[in-house]
Amino acid sequence: MFGRYLDFKKQETELYDEIWELSEELDRQYKEGKDTTDTIQRFGEVLEEFLLFRQQGGKDPLVKGKL
C-alpha cells in the first residue's frame, strides 16, 4: 500500500514538473516573439494527462507517455 502511494507521488511530481517546464517554455517563447503553437498543444496534452491521472487516482493504464 505504501509503495503504491510512493508511485503515485512520483508520477504526480513528474507531471507537475512537466507542466512547470512547459509553462516556463511558453513564457520564454512569448517574450521572444516566437510561435507558441506546438508548446501550447503539448501543454494541453499534459494538462489532460494530469486530469486523467488525478481522476483515476494514479492508475497506470490511463497515464500515457514517459510515466
Side-chain angles (χ1 to χ4, degrees):
M1 183 82 112
F2 186 68
R4 176 160 162 69
Y5 173 78
L6 290 177
D7 289 343
F8 176 86
K9 292 308 286 181
K10 179 182 178 213
Q11 291 175 348
E12 182 180 52
T13 299
E14 288 174 355
L15 284 168
Y16 280 141
D17 290 346
E18 190 167 0
I19 289 167
W20 179 261
E21 289 170 9
L22 286 167
S23 177
E24 291 288 311
E25 178 69 14
L26 277 171
D27 187 48
R28 184 187 63 74
Q29 288 176 339
Y30 179 77
K31 286 178 181 177
E32 293 175 358
K34 294 184 177 179
D35 182 18
T36 58
T37 305
D38 291 337
T39 306
I40 289 172
Q41 182 177 351
R42 179 66 185 133
F43 192 78
E45 292 169 358
V46 172
L47 290 176
E48 183 176 338
E49 186 176 332
F50 180 74
L51 178 62
L52 288 172
F53 174 80
R54 294 297 298 213
Q55 286 175 342
Q56 297 300 317
K59 295 178 184 169
D60 292 334
L62 291 178
V63 179
K64 301 175 189 171
K66 63 183 176 185
L67 298 176

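Residue indices begin at 1 and follow the sequence shown.
- The backbone N or O of I19 sits nowhere less than 3.5 Å from a side-chain atom of S23 that would complete a donor-acceptor pair.
- T39 pairs in a side chain to side chain donor-acceptor pair (under 3.5 Å) with only one of the listed residues (Q29, K34, E25), which is Q29.
- Of the inter-residue distances, the one linking L47 atom CG with E18 atom CD reads 10.0 Å to the nearest 0.5 angstrom.
- One finds a salt bridge joining K31 and D27 here, because a Lys/Arg side-chain nitrogen approaches an Asp/Glu carboxylate oxygen to under 4.0 Å.
- Within the model, atoms CG of D17 and CD of E12 stand 10.5 Å from one another, a figure rounded to the nearest 0.5 Å.
- Note on residues 13-41: pairs passing ring pair (Phe, Tyr, Trp, His ring centres under 6.0 Å), not counting sequence neighbours, are Y16-F50.
- Expressed to the nearest 0.5 Å, how far CD of Q55 lies from CG of L51 amounts to 4.0 Å.
- E24 pairs by the salt bridge (Lys or Arg N to Asp or Glu O under 4.0 Å) definition with nothing, not counting sequence neighbours.
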